[in-house]
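This report refers to the structure that appears directly beneath it.
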Amino acid sequence: MPELPEVESIKRTLEKNILKKRILDAKIFWPSAVISVPGEDFVELLKDKIIDGLSRRGKYLLLHLDNNYTLIVHFRMTGRLVYYKEKTTVDKHTHVVICLEQGELHYSDIRKFGRIQIVSTENIHDVPFLAKLGPEPLDESFNFILLGQQLAKKKSSIKAALLDQTVLAGLGNIYTDEALFKAGVLPQRNIESLKVSEIILLYDSICEVLKEGIKAGGTSFRDYRDANGNKGLFQESLMVYGRAGQACKVCGQKLTKAKVAGRTTVYCLGCQK
DNA sequence: AGTGGCTCCTGAGCGC
DNA sequence: TGCGCTCAGGAGCCAC
């Protein structure tokens with residue numbers, strides 16, 4: 001499930017292959033996967049355009065085209081964007097193929113939650129989900145004071161707040177559980193109960209797990225692949241996510257599993273307070 | 001404003 | 001072997 005480190009890894013592997021390449025055509029196999037500009041044809045907006053740049057905002061990947069349009073890709077659970085040097089056959093989960101002057105870009109998604117949207121670049125800040133996104137945790141301008149201010153807007157559990165993309169952009173279930181473990185904070189804790197020292201620890205932990213995730217090329221728990229079709233390695237470094245019932249790698253205590261903020265959550269009662 | 005439930009989807013894993 | 005069930009979940013939406 002692509003979160004910030006996975007989308008960043010896709011962006012980095014994609015940059016090497018598709019930057020400055022011209023789009024010749026696009027084929028849509030499952031129309032619900034794409035959202036066009038009202039009154040415009042998705043494929044026509046792509047044809048003959050050059051991919052001028054790539055960026056990432058939270059869990060969204062942005063492909064900037066030279067006609068002042070931007071493709072926004074949200075992978076949700078099982079979305080993939082893979083570059084192939086040669087023409088490649090599609091499978092039943094391939095929803096969009098973007099044909100480049102050299103190679104093809106395949107968008108596939110088993111669970112069909114993801115979407116590719118094209119918007120006019122000048123209106124990009126009006127796109128609701130982008131406009132509402134909270135700060136980028138790895139931006140230089142982000143710090144523990146800003147984290148504290150963002151958290152103070154909420155009155156929920158710390159886990160629910162960290163998953164809220166308007167509080168902070170890019171965290172999903174995996175990195176939230178990992179950051180909370182590293183910070184020694186229980187996911188059910190109410191935000192108001194957090195001490196400044198814990199906010200600082202949380203800030204450091206969020207940055208660390210995200211950076212380690214990027215360094216490892218993301219987490220391939222099940223479906224995630226980068227733009228070259230390769231798995232990430234961070235799943236080998238996970239301390240709690242997916243390890244319910246197993247021994248804590250730090251204290252040896254059996255890890256606890258519970259529903260917090262409607263999500264499966266794993267934590268250590270020995271290490272997290 | 002918060003939570004919980006529903007929705008969109010498919011595949012894995014399980015019991016029988 | 002295969003059926004039916006449960007679970008996984010990002011995020012928008014709605015009811016309470």
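Not counting sequence neighbours, the partners of A:Asn230 by the side-chain contact (heavy atoms from CB on, under 4.5 Å) test are A:Asp226, A:Asn228. Considering only residues two or more places apart in sequence or on other chains, A:Lys257 meets the side-chain contact (heavy atoms from CB on, under 4.5 Å) condition with A:Ala244, A:Thr264. Checked against salt bridge (Lys or Arg N to Asp or Glu O under 4.0 Å), A:Asp164 has the following partners two or more places apart in sequence or in another chain: A:Lys154. In this structure A:His106 satisfies the ring-ring contact (aromatic ring centres under 6.0 Å, His included) test together with A:Tyr84, sequence neighbours excluded. In this structure A:Glu122 satisfies the salt bridge (Lys or Arg N to Asp or Glu O under 4.0 Å) test with no other residue, sequence neighbours excluded.
Within the hydrophobic cluster formed by Ile, Leu, Val, Met, Phe, Trp and Tyr side chains joined at under 4.5 Å, directly or through other members, A:Val97 is accompanied by A:Phe29, A:Val90. Taking Ile, Leu, Val, Met, Phe, Trp and Tyr as members and joining any whose side-chain heavy atoms lie under 4.5 Å apart, directly or through other members, A:Leu24 forms no hydrophobic cluster with any other residue. In the hydrophobic clustering, A:Leu130 connects to A:Tyr60, A:Leu62, A:Ile72, A:Val119, A:Ile124, A:Val127, A:Phe129, A:Leu133, either directly or through intervening members, whenever side-chain heavy atoms lie under 4.5 Å apart.
Across all strands shown, A:Phe75 has no heavy atoms under 4.0 Å from either base or sugar-phosphate atoms. At the heavy-atom level, A:Tyr175 lies nowhere under 4.0 Å from the strands shown. Counting any heavy atom pair closer than 4.0 Å across all strands shown, A:Met77 reaches a base atom. Residue A:Lys257 is in sugar-phosphate contact alone, with no base atom involved, counting any heavy-atom pair closer than 4.0 Å across all strands shown. Nucleic acid contact for A:Lys259: sugar-phosphate only, since backbone atoms but no base atoms lie under 4.0 Å from a heavy atom of the residue. At a threshold of 4.0 angstrom between heavy atoms, the contacts of A:Ser32 with the nucleic acid are absent.
Around atom NZ of A:Lys49, more than 12 heavy atoms belonging to other residues, nucleotides or ligands sit under 6.0 Å away.
The bend of the helix from B:dG2-C:dC16 to B:dC16-C:dG2, defined by the angle between the axes of its first five and last five pairs, stands at 50° to the nearest 10°.
Interface limits on DNA chain C: the 5'-most and 3'-most nucleotides within less than 4.0 Å of chain A heavy atoms are C:dA8 to C:dG12.
Under the salt bridge (charged side-chain N to carboxylate O under 4.0 Å, His left out) criterion, the residue pairs touching residues 165-191 of chain A are A:Lys159-A:Asp177, A:Lys182-A:Glu208, A:Lys182-A:Glu212, A:Arg189-A:Glu198, with sequence neighbours excluded.
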Original post:
In the 5'-to-3' direction, what one-character label does each nucleotide of nucleotides 1-8 of chain B receive under the scheme B = base within less than 4.0 Å of a protein heavy atom, S = sugar-phosphate only, - = no such atom?
Top reply: -SS----B
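Summary of the strand contacts: A:Asn173 and A:Phe129 both lie near DNA chain C, and taking for each the nucleotide with the nearest heavy atom, the more 5' one is attributed to A:Asn173.
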**OP:** Give the C-alpha distance, both sets of side-chain angles, the deciding distance and a yes or no for salt bridge (Lys or Arg N to Asp or Glu O under 4.0 Å) between A:Arg80 and A:Asp109.
**Re:** CA-CA 6 Å; A:Arg80 285 185 194 178; A:Asp109 185 2; over 6 Å; no
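Checking the phosphate oxygens (OP1, OP2) of B:dG11, a side-chain nitrogen or oxygen of A:His93 falls inside 4.0 Å.
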